[in-house]
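Below: one structure, written as structure tokens.
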Number of protein chains: 2
Amino acid sequence: MPPRRTPASRRDRPAKPPLSRAGVVAVALRILREEGLEKVTMRRLAGELDTGPSSLYVYLQNMAEVHGAVLDALLADLPMPDPATTKDPRGALTDLLTAYTGLLFGYPSLARSVLALWPSGPNYLRLIDTTIALLDALGVPPRQASWGFDVLLQYATATAAEQATRDESDDSDREWDGLTEAIGRAPGREYPAIARHRDDLFSGTPEQKLRWTLTALINGVAGTPA
Amino acid sequence: MPPRRTPASRRDRPAKPPLSRAGVVAVALRILREEGLEKVTMRRLAGELDTGPSSLYVYLQNMAEVHGAVLDALLADLPMPDPATTKDPRGALTDLLTAYTGLLFGYPSLARSVLALWPSGPNYLRLIDTTIALLDALGVPPRQASWGFDVLLQYATATAAEQATRDESDDSDREWDGLTEAIGRAPGREYPAIARHRDDLFSGTPEQKLRWTLTALINGVAGTPA
DNA sequence: ACCTGAACACCGTTCAAGT
DNA sequence: ACCTGAACACCGTTCAAGT
């Protein structure tokens with residue numbers, strides 16, 4: 001029997017590295033950054049790794065797991081404060097949540113997918129741990145911190161996900177912001193509260209609103225006995 | 001030229017009602033209730049209406065619009081308090097948001113889709129209007145009510161959407177609750193805050209948590225100057 | 001155990017051609 | 001204007017058969 005060798009069809013091509021979970025995730029991350037989540041498909045990943053789509057299922061259970069792994073990889077770049085030494089836990093928490101929101105704003109369709117996931121990678125756990133620790137440092141009672149952390153993270157994610165809907169529609173399409181349109185047009189006879197608040201509803205920059213909302217969430221979590 | 005008549009292939013079959021947006025939405029709603037959102041596809045809708053999928057695009061721009069229309073149809077059943085006469089606006093607001101969450105809990109994958117939408121149908125506008133009016137009645141300053149209403153609605157939607165992930169996995173699959181697993185296993189050396197709060201993180205029923213969170217959100221919105 | 005090609009069972013949307 | 005069939009351009013996942 002002849003020794004096993006690379007098949008002729010592969011000879012003189014760059015050696016094909018062995019498949020691995022990390023390798024698949026690395027390719028997924030690159031495609032996400034360069035072309036967006038929509039292009040991260042099992043077929044595309046397989047193609048880039050010079051194999052068939054079914055081979056990926058050895059390393060990842062399904063597409064949701066790919067998305068979760070990609071989120072965790074992105075979170076590695078999120079600067080984490082040290083809750084034990086920070087002098088301004090409230091500012092550090094706001095900054096952390098703002099940074100997390102900003103990161104997801106760069107990948108709104110990933111944010112959308114993450115809402116349907118329960119991310120559980122090591123970097124997401126670190127984000128949870130730091131959020132809870134900062135609430136502790138703020139003097140929030142433990143049960144409130146435990147029940148409150150995911151309101152904070154969920155709001156950040158949902159805010160970025162909302163952005164996805166905007167990004168998908170083109171400017172020429174007047175439906176892109178159906179709710180703003182609808183609020184603007186809502187007849188005062190039928191929707192008196194909307195009519196009364198029309199100016200306030202459209203006031204403020206997205207940054208101002210985000211900052212206010214995060215503050216309101218922290219205040220609510222800190223000030224509401226469980 | 002002979003008069004136009006129903007083609008032979010349709011004779012003796014029940015008369016085919018003319019297509020309409022309302023008709024499409026009604027079928028979508030029935031399929032949603034009986035079989036879930038996953039079965040509400042353009043091809044299925046077309047099949048039930050005895051036509052081809054392309055015909056639906058005369059009445060609805062895309063699948064997102066179908067989902068939005070279905071949500072609005074469901075909201076017709078949501079009991080709305082009258083903000084002008086209610087004596088306990090805080091209780092009424094909590095009840096309204098709890099009822100909205102409960103309604104979406106029945107259709108978690110719709111909730112997931114709604115997060116990516118900006119619903120703008122008449123019944124959703126009514127929900128917004130009532131929420132703002134109840135915040136007014138609570139004495140919340142107008143700008144805070146204007147900025148705060150969507151935190152409340154978004155939380156309700158996101159909470160129901162989270163449920164979708166659970167529903168999709170079967171019991172035998174231990175991954176169904178990856179985050180709870182991960183939190184339970186998180187080593188205390190690396191995640192000290194999680195370890196410290198382990199008991200509180202798993203405490204409380206979903207109902208208790210929902211009630212507390214809604215209260216915390218209302219408190220935060222009411223008590224944080226914009 | 002790992003890897004594969006091919007198949008299964010679908011999707012949403014567009015388009016040219018009718019009526 | 002409304003409606004259509006067929007096509008376009010894909011999907012995720014499974015499975016039997018390899019190595």
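The analysis underlying the following values was restricted to heavy atoms, covering all of them including side chains, and did not include hydrogens, waters or symmetry mates. Residue numbering restarts at 1 for every chain, and letters A, B, ... go by the order of the sequence lines. Since we're looking at a predicted model, the values are computed, not measured.
- Here, C:dA6 and C:dC10 have their C1' atoms 16 Å apart, quoted to the whole Å.
- Distance OH (A:Y57) to C1' (C:dC2): 16 Å, rounded to an integer number of Å.
- Of the residues near DNA chain C, A:R43 and A:V58, the one whose nearest nucleotide (by heavy atom distance) lies more toward the 5' end is A:V58.
- Remark: P of D:dT14 and CD of A:Q61 are 9 Å apart, rounded to the nearest angstrom.
- Of the two residues near DNA chain D, B:P18 and A:S55, the one whose nearest nucleotide lies more 5' is B:P18.
- Put simply, CZ on B:R21 is 14 Å from P on D:dC2, counting in whole angstrom units.
- Within the 4.5 Å cutoff, side-chain heavy atoms of A:F202 are placed close to those of A:I183.
- B:R30 CZ: more than 12 foreign heavy atoms inside a 6.0 Å radius.
- The residue among B:S20 and B:P53 whose nearest nucleotide of DNA chain D lies closer to the 5′ end is B:S20.
- Residue-level contact check: B:T41 touches the backbone only, with heavy atoms under 4.0 Å from sugar-phosphate atoms and none from bases.
- In this structure the side chain of A:L104 reaches within 4.5 angstrom of the side chain of A:L71, judged on heavy atoms.
- B:S113 and B:H67 form a side-chain donor-acceptor contact under 3.5 Å, judged by distance and modelled atom types alone.
- One atom, CD of A:E35, and another, P of D:dC10, lie 12 Å apart when rounded to the nearest Å.
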Pair A:E35-A:V40, side-chain contact (heavy atoms from CB on, under 4.5 Å): steps then yes or no:
CA-CA 8 Å; A:E35 304 175 48; A:V40 180; over 6 Å; no

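- Computed from coordinates, the A:D50 CG to C:dG5 P distance equals 9 Å when rounded to whole Å.
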In sequence, state the C-alpha distance, the side-chain angles, and the governing distance for A:F105 and A:T159, and then conclude on side-chain contact (heavy atoms from CB on, under 4.5 Å).
CA-CA 8 Å; A:F105 249 75; A:T159 299; 4.0 Å; yes

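- Taking atom CG of residue B:L56 and atom C1' of nucleotide C:dG12, one finds them 11 Å apart after rounding to whole Å.
- Of the candidate nucleotides D:dT13, D:dC15, C:dT14, D:dT13 has the atom nearest to the side chain of A:N62.
- One can place CG of A:L37 at 12 Å from P of D:dC11, the figure rounded to the nearest angstrom.
- At whole-Å resolution of the value, CE in B:M63 and C1' in C:dG12 are 9 Å apart.
- For the P atoms, the distance from D:dA9 to C:dA9 is 25 Å, rounded to whole Å.
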Taking Watson-Crick and G-U wobble contacts under 3.5 angstrom, with | marking pairs to another strand and [ ] crossing pairs, the secondary structure of DNA chain C is written ||.|||||...|||||.||

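- At least one side-chain heavy atom of B:S55 sits less than 4.5 Å from a side-chain heavy atom of B:L19.
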